[in-house]
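Below is one structure, written out as structure tokens; comments come after it.
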Amino acid sequence: VQIGETLRAAREVRGLSPDQAAARLRCDLRVVEALEAGRFADVGPPVFARGHLLRYAELLGEPGDAMVAAWAQAVGGGAAGELMADTHPR
């Protein structure tokens with residue numbers, strides 16, 4: 001299962017529209033649409049993609065760190081892999 005499909009399915013299970021999810025994340029609808037479509041480069045540099053992905057997964061009750069790890073592996077590490085250090089405060 002692709003990351004975007006997982007996000008979309010989790011949002012739908014929670015009864016949220018893409019607009020509602022964007023409002024809760026305080027981001028543009030295009031960010032939610034890009035994440036759900038797996039178009040992470042459309043979100044911006046890897047640091048922004050990681051942050052949006054982590055926040056969206058957590059909003060939906062999904063394991064954010066696992067989603068970020070899957071994303072970093074899918075994009076082949078590089079700049080994304082460097083962002084794997086957990087800088088998200090708990």
- Are Glu62 and Tyr56 close enough, and set up right, to give a side-chain hydrogen bond (donor to acceptor under 3.5 Å, both in side chains), and what steps lead you there? CA-CA 8 Å; Glu62 295 294 319; Tyr56 194 26; over 6 Å; no

- Test log, rule side-chain contact (heavy atoms from CB on, under 4.5 Å), inputs His52 and Val32: CA-CA 9 Å; His52 283 301; Val32 169; over 6 Å; no

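Other residues, nucleotides and ligands place more than 12 heavy atoms under 6.0 Å from the CZ atom of Arg14.
Arg11 places no side-chain N or O within donor-acceptor distance of the main-chain N or O of Leu60, the cut-off being under 3.5 Å. Between the Gln20 side chain and the Ser17 main chain, a donor and an acceptor come within less than 3.5 Å of each other. No side-chain donor-acceptor contact under 3.5 Å links Arg26 to the backbone of Ala22.
Atom CD of Gln2 and atom CZ of Arg8 lie 10.5 Å apart (nearest 0.5 Å).
The only member of Val43, Asp42, Leu25, Ile3 that meets side chain to side chain contact (heavy atoms under 4.5 Å, CB included) when paired with Leu35 is Val43.
The shortest side-chain heavy-atom distance between Cys27 and Phe48 does not fall under the 4.5 Å cut-off.
For the pair Ala57 and Gly64, the tightest heavy-atom approach, listed with the atom from each and the gap, is CB-CA, 3.7 Å.
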